[in-house]
Amino acid sequence: MKKVTVLGAGSWGTALAMVLTENGHDTLIWSHREDQANEINERHTNEKYLPNIQLPEKLTATSDIKSAVEHGEILVFAVPTKAIREVAGQVMNYLDKKVLIVHVSKGIEPDTLKRISEILEETLDPRVVEDIVVLSGPSHAEEVVLHHPTTITAACANLRSAEKIQDLFMNHYFRVYTNTDVIGVELGGALKNVIALAAGISDGLNYGDNAKAALITRGLAEIARLGVRMGGNPFTFAGLTGMGDLIVTCTSVHSRNWKAGNMLGKGMKLDEVLENMGMVVEGVRTTKAAYQLAQKYDVSMPITTALYQVLFENKDPKDAVDELMHRLKKREIDYLQ
Ligand SMILES: NC(=O)C1=CN([C@@H]2O[C@H](COP(=O)(O)OP(=O)(O)OC[C@H]3O[C@@H](n4cnc5c(N)ncnc54)[C@H](OP(=O)(O)O)[C@@H]3O)[C@@H](O)[C@H]2O)C=CC1
Ligand SMILES: O=C(CO)COP(=O)(O)O
């Protein structure tokens, strides 16, 4: 039995805290909102993020960051990418023992172009960090809390640390693989959200299944092209955190990125869409970061570029698709040559 703290009580943090509690670990979840911590402690629910789900009574919550940090020998960061730096800074104020860090967020910071583990490395003192492990893969919270079979990957350059996290989370409905390719795993998890937004737009325009298959396949080509240039292992992009997560996010009714794209395709404006969602849509900020990375590494990312123009330059989605279809003739397998 381990003492684990989950930082962030949105849909994913709460679902993972449930998995950990069910696995017999002494789990504390931290919410930055006191009313939400009270709801979890008193009613054993988190209605905003996981409606109609009864949480285990043994799962406790706090809104006090100091007690949260003191509790855990393992700290799981489960806040959106834009909050990682701030929450890591708060954690650092109280961290006086060595802990194993896990993060489950899928994004890249615009402008700094840092991956989550890089932000954590920058913010947390290495003297109190045993290792940083990323947990990522095709895993919608809504299905995990129903115990539907789910597979996911724990990645760390130090395989032993990835294996510790594999042991921590693994159970009969939650199967965890290991990988040592942190760059590939983090990039796959972040960049699939960009393509899922595009797939949602395509569905919103009623372009059908051929178009969506094209976006998934050519989306993976451009994710892998950038990812390999940045040091990821090409095989990682064909695995759970690449192809696997791309499929689930482009096709699942649960995906917030797909849903947001769908509303954009139906003609809603970005501000309106984000207001409607009430949950994080990581792909919007990641599109900006991916567009900047494509320029920095001089990698062709036509779908990402088209989406960037739709989101940030007011391009009509139909015109963006039209331009994608009128690009110069290409070979299919350019990125492997
Ligand atoms: N949902 C899923 O199925 C999966 C999500 N992920 C990833 O997990 C990460 C978290 O996503 P998810 O749980 O779904 O997001 P949600 O939108 O469901 O919840 C986000 C949570 O983070 C809290 N939060 C926001 N800003 C801060 C802050 N500055 N300090 C403290 N807490 C903050 C929110 O609080 P408030 O309510 O006050 O806004 C909310 O509790 C994302 O990167 C996502 O891509 C990965 C796999 C699956
Ligand atoms: O990463 C996820 C599933 O693996 C969740 O995707 P969304 O953020 O689009 O809901």
Side-chain angles (χ1 to χ4, degrees), residues 1-72 74-84 86-87 90-91 102-106 135-152 165 168-176 248-249 252-260 274-282:
M1 198 256 294
K2 300 280 186 201
K3 288 172 82 73
V4 190
T5 295
V6 177
L7 299 158
S11 35
W12 196 217
T14 308
L16 289 174
M18 203 168 157
V19 173
L20 291 165
T21 309
E22 288 173 353
N23 285 3
H25 301 296
D26 179 1
T27 309
L28 179 66
I29 185 164
W30 171 76
S31 166
H32 68 155
R33 288 193 289 112
E34 195 181 350
D35 57 336
Q36 197 186 28
N38 290 342
E39 183 195 340
I40 295 172
N41 285 329
E42 289 159 18
R43 299 215 301 273
H44 313 292
T45 56
N46 184 351
E47 280 303 326
K48 176 175 179 202
Y49 288 105
L50 290 172
N52 306 317
I53 295 295
Q54 198 61 34
L55 303 173
E57 292 196 4
K58 281 191 174 162
L59 172 62
T60 52
T62 183
S63 56
D64 175 28
I65 189 74
K66 183 169 181 283
S67 342
V69 173
E70 283 170 356
H71 171 86
I74 298 172
L75 303 183
V76 180
F77 280 79
V79 290
T81 304
K82 69 173 178 352
I84 287 278
E86 180 197 326
V87 173
Q90 291 178 47
V91 165
V102 182
H103 87 75
V104 300
S105 309
K106 294 174 177 171
L135 188 69
S136 185
S139 51
H140 283 295
E142 293 83 351
E143 296 183 4
V144 171
V145 295
L146 296 177
H147 296 185
H148 290 179
T150 298
T151 53
I152 197 159
I165 297 311
L168 189 80
F169 281 95
M170 185 125 163
N171 65 27
H172 68 281
Y173 62 86
F174 203 72
R175 181 169 175 76
V176 187
V248 87
T249 317
S252 170
V253 291
H254 300 302
S255 167
R256 287 87 43 101
N257 287 285
W258 178 87
K259 274 186 217 164
L274 296 180
E275 216 167 282
N276 245 276
M277 292 297 303
M279 288 191 199
V280 66
V281 181
E282 287 277 23

*Side chain to side chain, Leu16 and Phe174, heavy atoms closer than 4.5 Å*: yes
_Using side-chain heavy atoms (C-beta onward) and a distance below 4.5 Å, is Val281 in contact with Leu274?_
yes
*Would you call Phe77 and Val91 a side-chain contact if the rule is heavy atoms closer than 4.5 Å?*
yes
_Just so I know, are the side chains of Val102 and Ile74 near enough to count as touching, which here means a heavy-atom distance under 4.5 Å?_
yes
*Contacts of type side-chain contact (heavy atoms from CB on, under 4.5 Å), residue Ser31, not counting sequence neighbours*: Ala9, Arg33, Gln36
*How far does CD of Glu142 sit from OG of Ser11, to the nearest 0.5 angstrom?*
6.0 Å
_Just checking Glu47: does its CD atom have more than 12 heavy atoms from other residues, nucleotides or ligands closer to it than 6.0 angstrom?_
yes
*Which atoms form the tightest heavy-atom contact between Val176 and Met170, and what is the distance?*
N-SD, 3.3 Å
*Write down the atom of Thr150, the atom of Ser139, and the distance for their closest heavy-atom approach.*
CG2-CB, 3.7 Å
*For Val79, check side-chain contact (heavy atoms from CB on, under 4.5 Å) against everything at least two apart and list the hits.*
Ala83, Ile84, Val87
*Between His25 (side chain) and Val4 (backbone), is there a donor-acceptor pair under 3.5 Å?*
no
*If only atom types and distance count, is the side chain of Ser255 paired as donor or acceptor with the main-chain N or O of Val253 below 3.5 Å?*
no
*asked:* List the residues meeting side-chain contact (heavy atoms from CB on, under 4.5 Å) with Glu86, not counting sequence neighbours, and say none if there are none.
replied: Gln90
*asked:* Test side-chain contact (heavy atoms from CB on, under 4.5 Å) on His147 and Asn171; report intermediate values, then the result.
replied: CA-CA 10 Å; His147 296 185; Asn171 65 27; over 6 Å; no
Name every donor-acceptor pair, under 3.5 Å, that has one atom in a side chain of residues 54-63 and the other anywhere in the protein, sequence neighbours excluded.
residue, atom, partner, partner atom, Å
Gln54, NE2, Arg43, O, 3.3
Thr62, OG1, Asp64, N, 3.0

*So how far is it from Ser105 OG to Leu135 CG, rounded to the nearest 0.5 Å?*
10.5 Å
_Distance-only donor-acceptor check, side chains Glu282 and Thr81, under 3.5 Å_ = yes
*Closest heavy-atom pair and its distance - Val145, Ala15*: CG1-CB, 3.6 Å
*State the CD-CG distance between Glu42 and Asp35, to the nearest 0.5 angstrom.*
10.5 Å
*Are any of the side-chain heavy atoms of Ile152 and Arg175 separated by less than 4.5 Å?*
no
*Among all residues two or more places apart in sequence or in another chain, which pass the side-chain hydrogen bond (donor to acceptor under 3.5 Å, both in side chains) test with His44?*
none
*Once you round to the nearest 0.5 Å, how far does NZ of Lys106 lie from OG1 of Thr249?*
6.0 Å
*If you measure from NZ on Lys48 to OG1 on Thr14, what distance do you get to the nearest 0.5 Å?*
11.0 Å
*Does anything in residues 11-29 pair up under salt bridge (Lys or Arg N to Asp or Glu O under 4.0 Å), and if so which pairs, sequence neighbours excluded?*
Lys3-Asp26
*If you take all heavy atoms of Ala68 and Trp30, which pair is closest and at what distance?*
CB-CB, 3.8 Å
*From NE2 (His140) to CH2 (Trp12), nearest 0.5 Å*: 9.5 Å
_Side-chain touch Val19/Tyr173, heavy atoms, less than 4.5 angstrom_ = yes
*Check whether any side-chain heavy atom of Val6 lies under 4.5 Å from a side-chain heavy atom of Leu28, and answer yes or no.*
no
*Determine whether Val76 and Thr5 make a side-chain contact, defined as any pair of heavy atoms from C-beta on separated by less than 4.5 Å.*
no
